[in-house]
Amino acid sequence: MVTIATWNINSVRLRMGQVERFLSEQAPDVLCLQEIKTREELFPHAAFEALGYTHRVVHGQKGYHGVATVSRIPLREFSRHDWQDNGEARHVGVELLGPAKGLVIENVYIPAGGDVPDREANVKFGQKLDFLGRMTRWADALDRPTLILGDFNIAPLDCDVYDHKALLKVVSHTPVEVETLGAFRDAHGWVDLGRQHIPAPERNYSWWSYRSYWREKDQGRRLDHMWASPELARESRAHRIVEETRRWDQPSDHVPLVTEFSI
DNA sequence: ATGACTGGTGATACCAGA
């Protein structure tokens with residue numbers, strides 16, 4: 001059995017205490033973090049080492065973005081894509097060694113895309129769609145079982161947001177984003193593990209704004225995902241969203257996802 | 001419906017997040 005988790009931590013240095021609590025309570029073998037907001041030299045390696053997460057691959061940058069995959073089972077860095085083609089640290093891939101030898105885990109932080117859902121008026125929205133386009137061409141050529149996970153910054157299903165109609169023009173849930181993410185899914189036949197285990201239309205949010213008027217009304221969105229190759233999806237045995245972390249002191253605005261695989 | 005949030009920074013205003 002291998003347990004894999006993903007969490008947009010929104011500054012790993014600020015929230016290392018919460019990461020420690022999460023690791024002790026959920027005990028994943030592998031944890032993929034997004035928005036670590038630090039360069040690799042300042043990543044809290046010693047704290048992870050002390051917890052037994054002795055295998056770490058960090059793709060950081062100063063102040064913004066950044067991803068890291070830490071593990072208590074052996075792994076090696078496998079890939080490092082720049083799907084936005086602008087130097088930002090938004091992806092790192094690893095290949096597990098040891099008990100789950102050969103499993104590839106792609107840790108990705110898809111750009112948020114700015115405020116205006118129009119690539120002519122908003123460069124960031126175009127970059128988000130282009131990022132997905134490059135991911136799709138990559139997925140089309142994939143030839144081995146893979147788990148891709150992280151902060152996708154898109155809530156694809158109507159029931160992945162608190163009010164589908166109200167959010168149709170809000171970046172993260174616009175039809176063009178949902179369609180573009182759908183093309184990525186179809187390029188490889190990815191299986192959305194969140195919905196395999198918690199079928200639509202059940203509530204399944206992973207993000208709530210820091211703004212109180214959204215949080216207090218449970219106006220969440222499902223922006224974080226774990227998608228598996230079809231043969232790997234058949235090995236997934238349990239999946240959970242650890243929603244309680246959103247109620248901890250000084251929390252990340254995202255909560256972790258955890259999946260157990262029988263491999 | 002969404003303004004009243006949060007983190008990082010050669011920073012004590014501004015950018016970015018979504």
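As the structure is a prediction and not an experimental result, all values here were calculated from the model.
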What nucleic acid atoms does [X] come within less than 4.0 Å of, heavy atoms only: base, sugar-phosphate, or nothing?
| X | answer |
| --- | --- |
| A/Trp214 | base |
| A/His173 | nothing |
| A/Asp151 | sugar-phosphate |
| A/Asp115 | base |
| A/Arg246 | nothing |

Kindly say whether the aromatic ring centers of A/His173 and A/His164 come within a distance under 6.0 Å.
yes
For A/Phe48 and A/Phe43, I'd like to know if the aromatic rings sit close, meaning centre-to-centre distance below 6.0 Å.
yes
Nucleotide [N], atom [atom2] - distance to [atom1] of [X] in whole Å:
| X | N | atom1 | atom2 | answer |
| --- | --- | --- | --- | --- |
| A/Phe43 | B/dG8 | CZ | C1' | 17 Å |
| A/Leu168 | B/dT2 | CG | P | 13 Å |
| A/Lys128 | B/dG17 | NZ | P | 10 Å |
| A/Asn122 | B/dA16 | CG | C1' | 12 Å |
| A/Gln250 | B/dG8 | CD | C1' | 14 Å |
| A/Ile36 | B/dT9 | CD1 | P | 12 Å |
| A/Tyr162 | B/dT2 | OH | P | 8 Å |
| A/Tyr210 | B/dA16 | OH | C1' | 13 Å |

Heavy-atom side-chain contact between [X] and [Y] under 4.5 Å:
| X | Y | answer |
| --- | --- | --- |
| A/Tyr162 | A/Trp208 | no |
| A/Lys37 | A/Arg13 | no |
| A/Arg221 | A/Val170 | yes |

As a test of reading the structure: which of [options] is closest to the side chain of [X], going by heavy atoms?
| X | options | result |
| --- | --- | --- |
| A/His65 | B/dA16, B/dA18, B/dT2 | B/dA16 |
| A/Lys62 | B/dC5, B/dC15, B/dG10 | B/dG10 |
| A/Ser212 | B/dG8, B/dA4, B/dA16 | B/dA4 |

Any side-chain N or O of A/Tyr109 below 4.0 angstrom from OP1/OP2 of B/dA16?
no
On the nucleotide B/dT2, are OP1 or OP2 found under 4.0 Å from the side-chain N or O atoms that A/Lys217 carries?
no
Can you name the one residue among A/Phe131, A/Trp83, A/Trp190 that meets ring-ring contact (aromatic ring centres under 6.0 Å, His included) with A/Phe184?
A/Trp190
Mind checking the [atom1] distance from [N] to [M]? Whole angstroms is fine.
| N | M | atom1 | value |
| --- | --- | --- | --- |
| B/dA13 | B/dT2 | P | 29 Å |
| B/dA11 | B/dT6 | C1' | 15 Å |
| B/dG8 | B/dT12 | C1' | 13 Å |
| B/dC15 | B/dG10 | C1' | 15 Å |

Which label fits A/His225 and A/Phe152: parallel for a plane angle under 30°, tilted from 30 to 60°, or perpendicular past 60°?
tilted
Is a donor-acceptor pair below 3.5 Å formed from side chain A/Gln219 to base B/dT2, judging by atom type as modelled?
yes
Joint hydrophobic cluster, A/Tyr205 plus A/Trp7, side-chain heavy atoms closer than 4.5 Å:
no
When the nearest nucleotide of DNA chain B is assigned to A/Gly63 and to A/Arg90 on a heavy-atom basis, which residue is associated with the more 5' position?
A/Gly63
Per nearest nucleotide of DNA chain B, the residue lying toward the 5' end, A/Arg215 or A/Asp163, is A/Asp163
Out of A/Ile4, A/Thr3, A/Asp29, which residue meets the side-chain contact (heavy atoms from CB on, under 4.5 Å) rule with A/Glu260?
A/Thr3
Tell me which residues in residues 7-15 of chain A lie within less than 4.0 Å of DNA chain B, going by non-hydrogen atoms.
A/Asn8, A/Asn10, A/Ser11, A/Arg13, A/Leu14, A/Arg15
